[in-house]
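One structure is given here, and the rest of the page talks about it.
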Amino acid sequence: DTAVSQTPKYLVTQMGNDKSIKCEQNLGHDTMYWYKQDSKKFLKIMFSYNNKELIINETVPNRFSPKSPDKAHLNLHINSLELGDSAVYFCASVDRTNNSPLHFGNGTRLTVT
Amino acid sequence: AQSVTQLDSQVPVFEEAPVELRCNYSSSVSVYLFWYVQYPNQGLQLLLKYLSGSTLVKGINGFEAEFNKSQTSFHLRKPSVHISDTAEYFCAVSDRNSGYALNFGKGTSLLVTP
């Protein structure tokens, strides 16, 4: 069973479109994250939710909106996609109560044309 | 604020040679330190972590790292590398001030050749 699963794995879309990426974890973790990995492989945190509450909101355009319907899910919606949004987006989860390491999903490769 | 510096962006090495990938961090509070590996077109996999206790940490695939508080370093080592170790390696730090989110270095690309 996949611990942190993201869908879709690949997403190709045109500029100006709105798209969503979904993430689910079955580890019972209380905190979930979205990271962006750019073309130079640099990983940067975007958002973090703890028990459905937003706790980290880095400097990200407000076209990006995370939604956490429950603590096992953290979705990422992106409005008015731009070329610069092309990247690999990783979801991750952790149990903050026991210092466990982050578990990452396999990533969603977003290509904006 | 915390930060992570990986001093080498690329490290070429011959198969069966030893390797050290360098990582330095800065933080004003106690930190947790991690090394992750990313194989081509894949997600990130935890190699090893330092939370507390012994400063020498052993991980998967024969890797180990040593936490050096005085030098604020957490270098990754392997005594004999394989072709299959070719990948991107990321050092990361977290602390309570960051909400335990991982702050990554820019990565080191390890290329192992015959």
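Just the heavy atoms: all of them, side chains too, but no hydrogens, waters or symmetry mates, feed the values below. Labels below follow one simple rule: chain letters A, B, ... track the order of the sequence lines, proteins then strands, and each chain is numbered from 1.
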Is it true that B:Leu110 and B:Ile60 fall in one hydrophobic cluster, defined by side-chain heavy atoms closer than 4.5 Å? yes
Relative to chain B, which segment of A:Leu43 carries a heavy atom at a distance below 4.5 Å: side chain, backbone, both, or neither? both
Between atom NZ of A:Lys40 and atom OG of B:Ser9, what is the distance when rounded to the nearest 0.5 Å? 11.0 Å
Less than 4.5 Å apart, any side-chain heavy atom of B:Asn41 and any of A:Arg109? yes
Same cluster or not: B:Leu56 versus B:Leu76, using hydrophobic residues (I, L, V, M, F, W, Y) connected whenever any side-chain heavy atoms lie under 4.5 Å apart? no
What heavy-atom pair brings B:Phe90 and A:Gln37 nearest, and what distance separates the two atoms? CZ-NE2, 3.5 Å
Is the backbone N or O of B:Leu102 less than 3.5 Å from a side-chain atom of A:Tyr35, with the two atoms forming a donor-acceptor pair by type? yes
Over all heavy atoms of both residues, which pair between B:Phe104 and A:Phe42 is shortest? Give the atoms and the distance, please. O-CE1, 3.8 Å
I'd like to know if B:Tyr50 and B:Tyr32 are part of one continuous hydrophobic network [Ile/Leu/Val/Met/Phe/Trp/Tyr, side-chain heavy atoms within less than 4.5 Å]. no
With only heavy atoms counted, which part of B:Leu46 is less than 4.5 Å from chain A, the side chain, the backbone, both or neither? side chain
Output the option from B:Gln38, B:Gln45, B:Gln42, B:Lys106 having the highest count of non-hydrogen pairs under 4.5 Å with chain A. B:Gln38
Applying a strict under-4.5 Å side-chain criterion to I, L, V, M, F, W and Y, I'd like to know whether B:Leu33 and B:Leu51 cluster together. no
Hydrophobic cluster identity match, B:Tyr39 and B:Trp35, side-chain contacts under 4.5 Å: yes
If you compare all heavy atoms of A:Leu102 against all heavy atoms of B:Tyr36, which two are closest, and at what distance to 0.1 Å? O-OH, 2.9 Å
